[in-house]
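The next block holds one structure in the form of structure tokens; read it before the comments.
Everything numeric here is computed off the predicted structure, so don't read it as measured data.
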Amino acid sequence: MKLDYSKALLKEDVLSYQERVNEVHQSIFDGTCAGNDFIGWVRWPFDYDKEEFARIKEVGREIHENADVLLVCGIGGSYLGARSAIEMMKGLYPGDKPEIIYTGNGLSSTYLNQILKHIEGKSVYLNVISKSGTTTETSVAFRIFEQYIEKKYGREEARKRIIATTDKARGTLKNLADRKGYREFVIPDDIGGRYSVFTAVGLIPIAAAGIDIDELMSGCRQAYEDFQDPDLKKNIAYQYAVIRRIKENEGKNVELFVTYEPSMTMIAEWWKQLFGESEGKEGKGIFPASVTFTTDLHSMGQFIQEGTKCLYETVLTLDNPMSDIVFPADPDNLDNMNYLSGKSVDWVNKMACQGTIAAHVDTGKVGNILVSLPDNGPFSYGYMIYFFFRACAMSVLLLGVNPFNQPGVEVYKKNMFKLLGKE
Ligand code: PA5
């Protein structure tokens with residue numbers, strides 16, 4: 001993974017933050033930082049439960065071999081990581097089994113009904129994921145699909161097909177899973193939802209999709225090693241953390257996360273939760289937004305180029321795409337496209353990227369932070385998520401905010417429960 005901030009149009013020197021970065025780094029590792037009861041993710045790539053990891057691989061293999069459909073029932077941190085990983089690594093139309101369907105992440109009756117119809121006649125497994133066990137969206141979908149599975153297969157077979165990922169000791173879902181005899185996997189106490197993709201939360205669906213989770217964890221471990229030295233000359237995660245603060249000091253309070261692959265749109269959704277929920281507190285924080293290029297250049301490009309100068313971009317690219325295609329020649333050339341004959345479509349995409357960066361930076365004066373990954377494989381994915389975890393924690397702690405709580409999320413829930421008549 002590489003980070004290039006030569007086009008970020010920074011008005012401050014990144015290295016001038018070294019002393020503060022050292023202090024925050026120290027506070028993360030001596031456990032004195034804000035939110036220190038939720039920093040289990042820091043050493044998780046080494047400290048993860050090896051026995052549970054083996055069980056994750058086993059259940060992943062079982063689902064991969066037996067399911068036509070895996071329903072992943074969860075919301076926010078309980079599903080975005082898995083979805084971002086699976087889509088990035090397998091693309092949007094992998095065409096193999098199991099088909100992975102995400103539910104429990106909203107309250108649309110139409111969506112639920114369409115899934116029920118779509119899974120008819122297929123072999124279905126269900127992984128319900130909720131740390132609290134009381135999230136309304138997840139609980140509504142879970143009850144509907146649990147009853148569907150019990151009715152279709154009977155209670156005993158349902159016990160094999162329903163897998164619960166939840167708190168190790170308490171909560172409604174934990175109690176339910178105990179009573180029903182479902183296989184259970186743990187969301188560690190000291191890891192919050194948005195930092196949990198490399199626990200059972202993300203790893204069961206990812207393994208079920210046939211992805212090598214050993215490689216994913218190796219990528220996380222490599223990133224951990226690479227970001228152990230807080231030296232801002234070398235540590236790209238901390239460079240990115242500092243650049244965000246510098247851009248904010250320049251009055252840029254929107255960060256636009258840019259990808260050039262539709263299969264990486266969910267990476268942007270995962271990233272938005274990570275940074276939005278970690279940073280947006282106490283009236284502070286950079287608003288995380290996202291676009292997929294070149295698609296959105298035809299809708300949002302105008303604003304980025306010439307609109308209010310409130311934003312900067314973080315552009316995530318792949319050196320090597322999952323697959324490429326050579327643009328064919330056509331003797332009639334009626335579409336006047338023969339100038340591209342023999343070129344690869346990925347090369348065209350990369351030229352579009354270069355041209356866009358030049359337009360936004362040189363003409364539009366919109367700073368661009370460039371992040372590149374060698375490929376879309378599990379090692380790169382693991383490396384990238386750990387990069388963003390460390391960068392996020394550092395960046396938010398530099399702002400003086402606790403990156404690991406989300407008190408504001410509760411307000412809508414309270415209002416909704418009142419309207420729904422929940423006691
Ligand atoms: O990051 C978070 O903490 C949230 O996004 C939660 O993961 C989300 O609200 C789902 O919560 P739960 O896993 O308790 O159902």
Side-chain angles (χ1 to χ4, degrees), residues 1-34 36 39 41-47 195 197-198 215-250 252 255 257-258 267 271 274-275 278-279 286 312-320 357 361 367-401 403:
M1 185 173 195
K2 292 196 195 97
L3 177 86
D4 172 3
Y5 60 91
S6 61
K7 296 182 192 307
L9 307 179
L10 300 182
K11 293 191 181 136
E12 280 177 87
D13 181 4
V14 171
L15 301 185
S16 68
Y17 281 71
Q18 188 65 67
E19 211 172 304
R20 288 176 61 202
V21 163
N22 290 347
E23 283 163 18
V24 172
H25 179 82
Q26 184 65 31
S27 75
I28 294 172
F29 282 91
D30 64 20
T32 57
C33 65
N36 56 5
I39 51 175
W41 58 270
V42 175
R43 280 202 49 86
W44 186 255
F46 300 93
D47 295 349
Y195 295 84
V197 53
F198 54 12
E215 271 293 289
L216 191 156
M217 295 305 280
S218 297
C220 296
R221 278 192 295 277
Q222 184 62 54
Y224 177 97
E225 301 291 358
D226 290 353
F227 307 141
Q228 267 322 83
D229 183 346
D231 185 349
L232 277 170
K233 288 196 208 79
K234 298 185 237 164
N235 188 322
I236 60 170
Y238 289 175
Q239 287 171 5
Y240 175 58
V242 166
I243 293 163
R244 298 182 74 255
R245 297 279 69 93
I246 295 177
K247 295 312 289 179
E248 189 186 38
N249 290 344
E250 294 168 6
K252 310 296 180 200
E255 178 171 358
F257 191 84
V258 181
I267 298 282
W271 172 90
L274 180 64
F275 281 87
S278 298
E279 189 167 81
I286 299 166
Y312 63 96
E313 291 167 283
T314 295
V315 184
L316 177 66
T317 54
L318 292 181
D319 296 343
N320 299 295
I357 291 166
V361 177
N368 273 214
I369 304 163
L370 310 178
V371 183
S372 60
L373 285 175
D375 54 47
N376 68 324
F379 185 93
S380 294
Y381 179 87
Y383 196 98
M384 176 192 67
I385 55 147
Y386 198 81
F387 165 87
F388 282 123
F389 284 161
R390 284 289 282 273
C392 182
M394 173 55 71
S395 204
V396 177
L397 287 166
L398 283 171
L399 185 64
V401 165

Check your understanding: Cut-off 3.5 Å, side chains only: do Y224 and R390 have a donor facing an acceptor?
Key -> no

Exercise for review: Report yes or no: do N22 and Q18 form a side-chain donor-acceptor pair below 3.5 Å?
Suggested key: yes

**Study point:** Candidates Q239, R245, E12 - the one meeting side chain to side chain donor-acceptor pair (under 3.5 Å) with Y17
**Key:** E12

Check your understanding: If only atom types and distance count, is the side chain of D375 paired as donor or acceptor with the main-chain N or O of N320 below 3.5 Å?
Key -> no

Revision key, fill the gap. Rounding to 0.5 Å, atoms CZ (R244) and OH (Y312) come to a distance of 4.5 Å

**Study point:** I286 backbone acceptor or donor facing E279 side chain under 3.5 Å
**Key:** yes

Check your understanding: Using the ring of each side chain (for Trp, its six-membered ring), is Y386 parallel, tilted or perpendicular to F198, with breaks at 30° and 60°?
Key -> tilted

Point to revise | Ring-ring centroid check F257 F275, cutoff 6.0 Å | key: no

Check your understanding: Atom NZ of K2 and atom CG of L370: how far apart are they, to the nearest 0.5 Å?
Key -> 12.0 Å

Practice item. Tell me, with the steps shown, if Y381 and I267 meet side chain to side chain contact (heavy atoms under 4.5 Å, CB included). Key: CA-CA 10 Å; Y381 179 87; I267 298 282; 3.7 Å; yes

**Study point:** Side-chain donor or acceptor of K247 paired with backbone N/O of A8 under 3.5 Å
**Key:** yes

Practice item. Could you give me the CA-CA distance, side-chain angles and deciding distance for E23 and R20, then say whether salt bridge (charged side-chain N to carboxylate O under 4.0 Å, His left out) is met? Key: CA-CA 5 Å; E23 283 163 18; R20 288 176 61 202; over 6 Å; no

Exercise for review: For this output row, return yes or no: ring centroids of Y5 and Y240 closer than 6.0 angstrom.
Suggested key: no

Point to revise | Matching residue for F227 among Y383, Y238, F29 - test: ring-ring contact (aromatic ring centres under 6.0 Å, His included) | key: Y383

Practice item. Evaluate side chain to side chain contact (heavy atoms under 4.5 Å, CB included) for V361 paired with L9, printing each intermediate quantity in order. Key: CA-CA 8 Å; V361 177; L9 307 179; 3.9 Å; yes

Exercise for review: Might you work through the side chain to side chain contact (heavy atoms under 4.5 Å, CB included) test for M384 and L316, ending with a clear yes or no?
Suggested key: CA-CA 10 Å; M384 176 192 67; L316 177 66; 3.8 Å; yes

Check your understanding: Do I39 and W41 come close enough that some side-chain heavy atom pair is under 4.5 Å?
Key -> yes

